[in-house]
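These values consider heavy atoms only, across backbone and side chains, with no hydrogens, waters or symmetry-generated copies. All figures in this text were calculated on a predicted structure; none of them were measured in a lab. Chain naming here is simple, since letters A, B, ... match the order of the sequence lines and numbering starts at 1 in each.
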Amino acid sequence: MMIYQSIEINKNRLILVKETLFSGQSFMWNESDHEGGIYSSVIDGSPVLIKQDNPYSLSVSVKKNELFGIPVRRFFEHYFSLDIATNSLFDDEFAARYPDLAFRLLKLQGLRVLRQDPYETLVTFMCAQGIGMSIIRRQVNMLCRYFGNEVRVADGGRDTPLYSFPAPSVLADADPALLRRCCNNNSMRAGNIGEASRLLALGRLDLQALSDPSLPLSEIRTELTALKGIGFKIADCIALFGLGRFDAFPIDTHVEQFLSSWFSIGAHQKGLSQKRYLHLQEKAVELLGESLSGYAGHHLFHCWRTTEKNMKAF
DNA sequence: AACCAGGTCTCAG
DNA sequence: CTGAGACATGGT
């Protein structure tokens with residue numbers, strides 16, 4: 001018997017975005033014109049169905065009363081970061097300086113950055129080096145398929161198998177050849193993910209401790225970049241998407257492009273050295289404000305990809 | 001057919 | 001500290 005919970009959200013238009021669905025494990029809200037989107041995932045070992053009933057509300061189906069010991073409704077309010085006012089990510093000064101952009105961003109007020117599982121986020125972004133979203137998604141899907149646990153869920157009429165994201169101890173002991181296949185045949189990446197998983201399984205690295213909101217971002221970055229395969233960008237992504245640090249501002253190839261194109265930040269050089277990365281980040285935070293720069297940056301990221309690069313929705 | 005994808009590491013200068 | 005090359009493969 002499925003327990004059916006309903007969540008209503010502000011008066012924003014909201015739709016599930018599939019573009020950022022790396023795995024079926026993680027996703028984001030987005031504005032869109034169609035309704036009725038349905039999304040399935042495995043959270044805390046349980047199959048979860050999330051459905052858009054109308055532009056203003058979602059419904060969540062899950063067999064449990066609680067996820068991670070938190071009542072389901074409250075969990076999803078946290079998961080979808082409903083505590084964040086997405087209509088004030090960009091202030092009046094920003095709107096005055098960039099009126100056209102501010103207008104375009106209005107449509108994205110439904111875009112929500114999720115508070116996702118730290119380990120899942122870490123592995124997912126370790127899979128995201130210099131390749132397209134489709135390959136990233138495939139890697140994470142394969143990791144779940146081969147190393148996660150299967151759960152079944154009634155999706156409308158049919159019975160679809162879902163797979164949980166594997167625990168650190170599982171990837172820590174994974175068969176190297178199979179792990180490499182799941183990592184786009186990149187043995188270096190597979191090795192790095194295995195090594196990071198081993199450190200976590202052994203307790204040498206504690207992502208829970210890194211979730212402490214009082215930690216300075218620089219300290220989080222220092223801890224994460226100590227791992228092979230994690231540089232500034234991925235460390236900041238883990239902080240933003242996996243540690244709930246909406247003040248973390250990752251700079252990838254798209255962000256670098258819009259910083260230059262829209263805001264004339266860092267226009268004259270190319271290549272992202274560590275020094276330049278920190279410089280661009282400082283300028284971006286100056287522009288977007290300290291506390292939610294990463295959240296705002298994600299709105300800009302999405303706006304750039306959809307309205308300037310004309311990339312597909314998923 | 002090139003070139004770009006949610007980069008990072010290594011190694012030379 | 002900076003720059004070039006390797007890593008790998010699907011999309012446009």
Visitor: So, is A:Arg189 close to the C:dC7 phosphate, meaning a side-chain N or O under 4.0 Å from OP1 or OP2?
Guide: no
Visitor: Can you give me the N/O atom pairs linking the protein to nucleotides 9-13 of chain B at distances under 3.5 Å, or say none if there are none?
Guide:
from: B:dC9; atom 1: OP1; to: A:Gly229; atom 2: N; distance (Å): 3.0

Visitor: Parallel, tilted or perpendicular: which describes the rings of A:Phe241 and A:Phe125, with under 30° parallel and over 60° perpendicular?
Guide: parallel
Visitor: Mind checking A:Gln139 for me? I need base, sugar-phosphate or nothing, with any heavy atom below 4.0 Å counting as a touch.
Guide: nothing
Visitor: How close or far is atom P of C:dG11 from atom CD1 of A:Ile136, stated in whole angstroms?
Guide: 13 Å
Visitor: Rounded to whole Å, please give me the gap between CG in A:Leu272 and P in B:dG7.
Guide: 10 Å
Visitor: Respond yes when some side-chain nitrogen or oxygen of A:Asn186 is under 4.0 Å from OP1 or OP2 of C:dA8, and no when none is.
Guide: yes
Visitor: Using OP1 and OP2 only, check whether a side-chain N or O of A:Thr253 sits under 4.0 Å from B:dG6.
Guide: no
Visitor: Given atom CD1 of A:Ile135 and atom C1' of B:dC4, what is their separation to the nearest angstrom?
Guide: 11 Å
Visitor: Evaluate whether atom CD of A:Glu308 has more than 12 neighbouring non-hydrogen atoms of other residues, nucleotides or ligands under 6.0 angstrom away.
Guide: yes
Visitor: To the nearest Å, give me how far apart CG (A:Asp236) and C1' (B:dT8) are.
Guide: 14 Å
Visitor: Look at atom NE2 of A:His254 and say whether more than 12 heavy atoms of other residues, nucleotides or ligands are closer to it than 6.0 Å.
Guide: yes
Visitor: Under the criterion of centre distance below 5.5 Å and interplanar angle below 30°, is A:Phe125 classified as stacked on the base of B:dG6?
Guide: no
Visitor: One thing to verify: whether A:Arg97 and A:Asp91 come together as a salt bridge, which I'm taking to mean a side-chain N less than 4.0 angstrom from a carboxylate O.
Guide: no
Visitor: Hey, is CD on A:Glu150 packed in by over 12 heavy atoms from elsewhere, all under 6.0 Å?
Guide: yes
Visitor: OP1, OP2 of C:dT12 versus side-chain N and O of A:Lys309: anything below 4.0 Å?
Guide: no
Visitor: State, without any angle test, whether A:Asp175 and A:Tyr146 hold a side-chain donor-acceptor pair at a distance under 3.5 Å.
Guide: no
Visitor: Using only side-chain N and O atoms of A:Arg305, determine if any of them is under 4.0 Å from OP1 or OP2 of B:dG6.
Guide: yes
